[in-house]
Amino acid sequence: MDRSFVMIKPDGVQRGLGGEIISRLEAKGLKLVAARFEILPEARVTEQYKEHLAKPFFPGLKVYIMGGPVFLMVWEGRNVVSIVRKVIGATNPQEAMPGTIRGDFGIDIGRNVIHASDSQKSADREIAIHFRPSELTTYTRIDESVLYEY
Ligand SMILES: Nc1ncnc2c1ncn2[C@@H]1O[C@H](COP(=O)(O)OP(=O)(O)O)[C@@H](O)[C@H]1O
Ligand SMILES: [Mg+2]
């Protein structure tokens, strides 16, 4: 089964959106297989966002992401990476469609509530930054036999 890395950012935590976000992913049929609540150390933030190191917004991004606790999660499901990207919406909440998490809950691009991996390759890389393999649980959700057609 496919896996994606999802992170409720400090603004999402502070605004009390954690439960709502988890509810949406659960209701979609995705399965939570790992989670941790913590303030990220600088090294893991830099590693997580290394493609953006040279961008003008990077210093501000780092301060924002380290500004409070985040909720790190691994979600599992068929095609979970592209599904979660659709559920969270466009990077800029002003352009994100209503019904998406960023479209419903954010305004500024630099305070866009949530992160999710943008490809399977990114997902594998990001999961490995934040979780040991032994932290990823394996279990069957009781509704799986009716969620999937095959
Ligand atoms: N122009 C910008 N100004 C401020 N922050 C930005 C800007 N572009 C991107 N970011 C921040 O960097 C994160 C990573 O950017 P990117 O990988 O392009 O988007 P996504 O999170 O949708 O994959 C964004 O989610 C956002 O928090
Ligand atoms: Mg990205």
Side-chain angles (χ1 to χ4, degrees), residues 1-138 141 147:
M1 206 44 105
D2 306 311
R3 286 174 176 158
S4 188
F5 172 70
V6 176
M7 175 174 80
I8 304 173
K9 295 178 175 180
D11 53 327
V13 170
Q14 292 289 346
R15 292 177 55 217
L17 297 172
E20 169 79 28
I21 288 168
I22 291 166
S23 284
R24 289 186 180 203
L25 297 173
E26 282 178 333
K28 178 69 179 166
L30 301 173
K31 179 162 70 179
L32 184 62
V33 297
R36 193 182 320 109
F37 189 73
E38 65 177 343
I39 297 179
L40 286 179
E42 186 174 358
R44 270 158 61 212
V45 176
T46 304
E47 188 58 29
Q48 164 78 34
Y49 286 111
K50 73 175 184 190
E51 66 176 304
H52 299 303
L53 267 176
K55 306 265 174 70
F57 62 79
F58 183 78
L61 174 62
K62 195 152 88 175
V63 170
Y64 158 49
I65 296 298
M66 294 178 65
V70 293
F71 198 56
L72 311 167
M73 295 170 281
V74 179
W75 287 84
E76 199 174 272
R78 189 174 295 157
N79 291 324
V80 62
V81 173
S82 77
I83 289 171
V84 176
R85 287 294 289 199
K86 290 189 187 100
V87 170
I88 76 171
T91 304
N92 186 344
Q94 308 219 7
E95 275 145 34
M97 296 292 288
T100 66
I101 292 168
R102 287 163 169 173
D104 287 349
F105 300 122
I107 295 178
D108 279 357
I109 190 168
R111 297 290 184 271
N112 62 0
V113 179
I114 185 165
H115 166 89
S117 309
D118 64 3
S119 67
Q120 191 58 61
K121 194 168 166 234
S122 306
D124 295 343
R125 191 183 80 82
E126 292 169 358
I127 290 168
I129 292 169
H130 298 288
F131 291 96
R132 290 187 300 275
S134 63
E135 291 179 286
L136 306 177
T137 61
T138 303
R141 228 176 87 160
L147 174 69

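Start at 1 and go down the list; that is how both ligands and their atoms are numbered. Heavy atoms only: backbone and side chains are in, while hydrogens, waters and symmetry mates are out.
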Give a yes or no on whether a salt bridge exists between Glu38 and Arg44, defined as a side-chain N under 4.0 angstrom from a carboxylate O.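 A salt bridge is present here (some side-chain N lies under 4.0 Å from a carboxylate O).
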Tell me whether Arg102 is salt-bridged to Glu95, with the criterion being a basic N under 4.0 Å from an acidic carboxylate O.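 No, no charged N to carboxylate O under 4.0 Å.
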Heavy-atom gap Asn112 to ligand 1 smaller than 4.0 Å: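 True for this residue.
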Measure the distances from the heavy atoms of Arg85 to every atom of ligand 1 and state whether one is below 4.0 angstrom.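 It does, in that a heavy atom of Arg85 comes within the 4.0 Å cut-off of ligand 1.
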Which residue and atom name correspond to the protein heavy atom nearest [atom], and how close is it?
| atom | answer |
| --- | --- |
| atom 20 (P) of ligand 1 | Thr91 OG1, 3.5 Å |
| atom 27 (O) of ligand 1 | Lys9 NZ, 3.0 Å |
| atom 16 (P) of ligand 1 | His52 NE2, 3.5 Å |

Pick, from Tyr49, Phe57, Phe58, the option with the minimum heavy-atom distance to atom 8 (N) of ligand 1.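 Checking each option, the heavy atom nearest atom 8 (N) of ligand 1 is found in Phe57.
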Ligand-side contact atoms (ligand 1) for residue partner Gly110, heavy atom cut-off under 4.0 Å: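 Those atoms are 4 (C), 5 (N).
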Select one of side chain, backbone, both or neither to describe which atoms of [X] lie under 4.0 Å from any atom of ligand 1, heavy atoms only.
| X | answer |
| --- | --- |
| Arg102 | side chain |
| Leu61 | side chain |
| Lys55 | neither |

Can you check whether Met7 reaches Met73 side chain to side chain, under 4.5 Å on heavy atoms?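 With C-beta onward as the side chain, the pair stays apart.
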Does any part of the side chain of Asp2, heavy atoms only, come nearer than 4.5 Å to the side chain of Val81, both counted from C-beta?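 Answer no - side chains too far apart.
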I want to check a possible cation-pi pair here: Arg36 against Phe131, using under 6.0 Å from ring centre and within 45° of the ring axis as the test.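 Yes - Arg36 lies over the ring of Phe131, closer than 6.0 Å to its centre and within 45° of its axis.
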Side chains of His130 and Glu135: do they bring a donor and an acceptor to under 3.5 Å?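 No pair is found: no donor N or O on one side chain lies under 3.5 Å from an acceptor on the other.
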Heavy-atom count check: over 12 atoms from other residues, nucleotides or ligands less than 6.0 Å from Lys55 NZ?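 Counting other residues, nucleotides and ligands, NZ of Lys55 exceeds 12 neighbours.
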